[in-house]
Amino acid sequence: MNFDKSKELFQKANKLIPGGVNSPVRAFGSVGGTPVFIKKAKASRLWDEDDNEYIDMVSSWGPMILGHAQEDVIKAIQNAASKSTSFGAPTQNEIVLAQAVLKKYPKAEQIRFVNSGTEATMSAIRLARAATGRDYFIKFAGNYHGHADQLLVAAGSGAITTGVPSSAGVPNDTAKTTLVANYNDLGSVEKLFLERPDEIAAIILEPVVGNMGVVEPSPEFLTGLRNLADRYSAVLIVDEVMTGFRLAAGGAIERYNIDADIVCWGKIIGGGLPVGAYGGKAKFMKQVSPVGKVYQAGTLSGNPLAMAAGIETFNQIDKQPDFYEVLEARGNRLEQGLLKAAKNSNVPITINRVGSMITVFFSEQKVVDLKTASSSDKEQFKQWFHGLLKRGIYWPASAFEAAFISYSHSEAEIDQVIAAAEQAFAEIKL
Ligand code: KE4
């Protein structure tokens with residue numbers, strides 16, 4: 001494969017944009033090499049500026065659950081754009097998308113649209129603090145909830161790969177109200193509540209982690225968090241930015257029957273356009289401005305093109321009664337195929353998968369939290385990543401991310417990924 005054009009563009013981009021990218025994880029920092037510059041995509045395929053073709057296993061980090069450039073979604077965006085791109089005023093389609101989301105999350109009574117997952121979680125924390133009159137909140141090491149100051153503490157995703165899980169520039173006074181517990185470890189949560197029984201506003205979590213690689217919650221973990229939140233009158237915030245509409249129509253909340261007080265959404269809700277949202281029980285949402293005292297705003301919130309893309313994405317999902325069964329079947333096929341491929345090459349791996357979110361850890365131990373995730377072999381992942389890339393498989397450029405399968409990935413394409421993976425495993429120098 002030739003990457004000359006991407007190399008040339010990366011050089012130019014580096015002069016104008018920090019690291020040549022507009023989001024750190026895209027820079028190939030933890031895997032080395034030049035990030036490929038993407039020219040176009042269709043369904044499960046990507047083409048870079050050197051006209052190399054790939055099967056896309058990143059799906060824009062989750063949003064492209066239908067596959068790229070789905071024709072009805074594109075038509076809906078084109079139609080909306082023909083009526084102007086933004087009004088800064090209420091529109092009918094904000095009601096339509098709100099109804100579509102709340103129908104999938106029946107315990108949520110109201111929703112507010114914002115422009116990113118970061119805005120959604122940042123606003124949810126603010127709301128929980130207002131609702132409880134408390135300042136502290138609990139997050140989990142390796143969970144990533146976007147880049148708001150208070151959440152960039154022991155963060156996952158790109159923050160792990162850059163080795164700065166707690167970002168520079170976050171004042172100590174801000175970070176000190178962020179308490180960090182261990183995922184799947186209820187004792188570490190209870191300890192924090194015992195130390196501050198009346199000061200913790202909320203617990204926020206990824207209901208299935210994607211940002212230290214995929215890590216599934218133990219059943220008792222989720223119920224335990226609900227019980228602790230009730231016992232200490234704290235708000236349970238479930239960050240479904242990645243898992244929402246992916247793990248089921250009603251996301252992880254439906255899959256694991258979680259009783260969330262506030263839910264955060266992103267990614268799929270915008271069909272690839274910038275949409276985030278937070279919502280929940282009326283007793284919380286009625287505290288949001290202009291009804292209540294919790295201020296939160298946004299020039300482009302509820303943007304008409306983004307609403308149109310989100311609405312049509314849900315229309316397409318709803319049209320396929322077997323949508324989630326297909327994603328589960330593709331995910332299982334990939335998981336079984338990769339396990340067999342690694343075994344054939346004597347490469348020790350652990351795979352964590354929930355539905356169409358999957359991570360290959362180069363480790364022999366079960367990965368249940370950041371500690372066990374971090375003990376996986378990053379050098380072997382790096383070799384495997386490039387072995388895939390040169391064979392036309394675009395896998396997430398980090399050992400601590402989830403790969404995603406879309407509805408457009410065929411069985412044959414899953415088998416192509418497996419075949420390329422087997423060759424890449426075989427090349428790894430252990
Ligand atoms: P955004 O601000 O990037 O839209 O959403 C932040 C966010 C919040 N919560 C969860 C569970 C998330 O996964 C994310 C963002 N996910 C990363 C991928 N691991 C975005 C990719 C990137 O940062 O470029």
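Only this structure's heavy atoms are used, side chains among them; waters, hydrogens and symmetry mates stay out. When a ligand or atom number is given, it counts from 1 through the structure's own listing order.
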**Request:** For the residue pair Phe140 and Tyr183, categorise the inter-ring angle as parallel (less than 30°), tilted (30 to 60°) or perpendicular (more than 60°).
**Result:** perpendicular
**Request:** Starting from atom 21 (C) of ligand 1, locate the nearest protein heavy atom and write down its residue, its atom name and how far away it is, to 0.1 Å.
**Result:** Trp61 CG, 3.8 Å
**Prompt:** Is it true that a side-chain atom of Ser188 and a backbone atom of Ala181 form a donor plus acceptor pair closer than 3.5 Å?
**Reply:** no
**Message:** Please confirm whether Glu240 approaches ligand 1 to less than 4.0 Å, judged on its heavy atoms.
**Reply:** no
**Protein contact for atom 3 (O) of ligand 1 (heavy atom, distance under 4.0 Å)** = no
**Complete:** shortest atom 16 (N) of ligand 1-to-protein heavy-atom contact is with Lys267 NZ, 3.0 Å
**Item:** Arg45 and Glu413 ion-paired at < 4.0 Å
**Value:** yes
**Prompt:** Considering only the protein, which heavy-atom contact is closest to atom 10 (C) of ligand 1, and what is its distance?
**Reply:** Tyr144 O, 3.3 Å
**Request:** Taking the six-membered ring of Trp47 (Phe, Tyr or Trp), confirm whether the NZ or CZ of Lys39 is under 6.0 Å from its centre and within 45° of its axis.
**Result:** no
**Check: Thr34 main-chain N/O paired with Lys7 side-chain donor or acceptor under 3.5 Å** = no
**Item:** atom 13 (O) of ligand 1: nearest protein contact (heavy atom, Å)
**Value:** Asn211 ND2, 2.9 Å
**Prompt:** Parallel, tilted or perpendicular: which fits the ring planes of Tyr105 and Trp265, with parallel below 30° and perpendicular above 60°?
**Reply:** perpendicular
**Which residue and heavy atom of the protein sit nearest atom 6 (C) of ligand 1, plus the separation** = Gly146 CA, 3.5 Å
**Message:** Has Lys390 got a side-chain atom pairing as donor or acceptor with Leu388's backbone, closer than 3.5 angstrom?
**Reply:** no
**Complete:** heavy-atom search around atom 1 (P) of ligand 1 in the protein gives Gly117 N, 3.5 Å
**Asked** Is Thr121 near ligand 1, meaning one of its heavy atoms is under 4.0 Å from it?
**Response** no
**Asked** What's the shortest distance from atom 24 (O) of ligand 1 to any protein heavy atom, and which residue and atom give it?
**Response** Ser23 OG, 2.6 Å
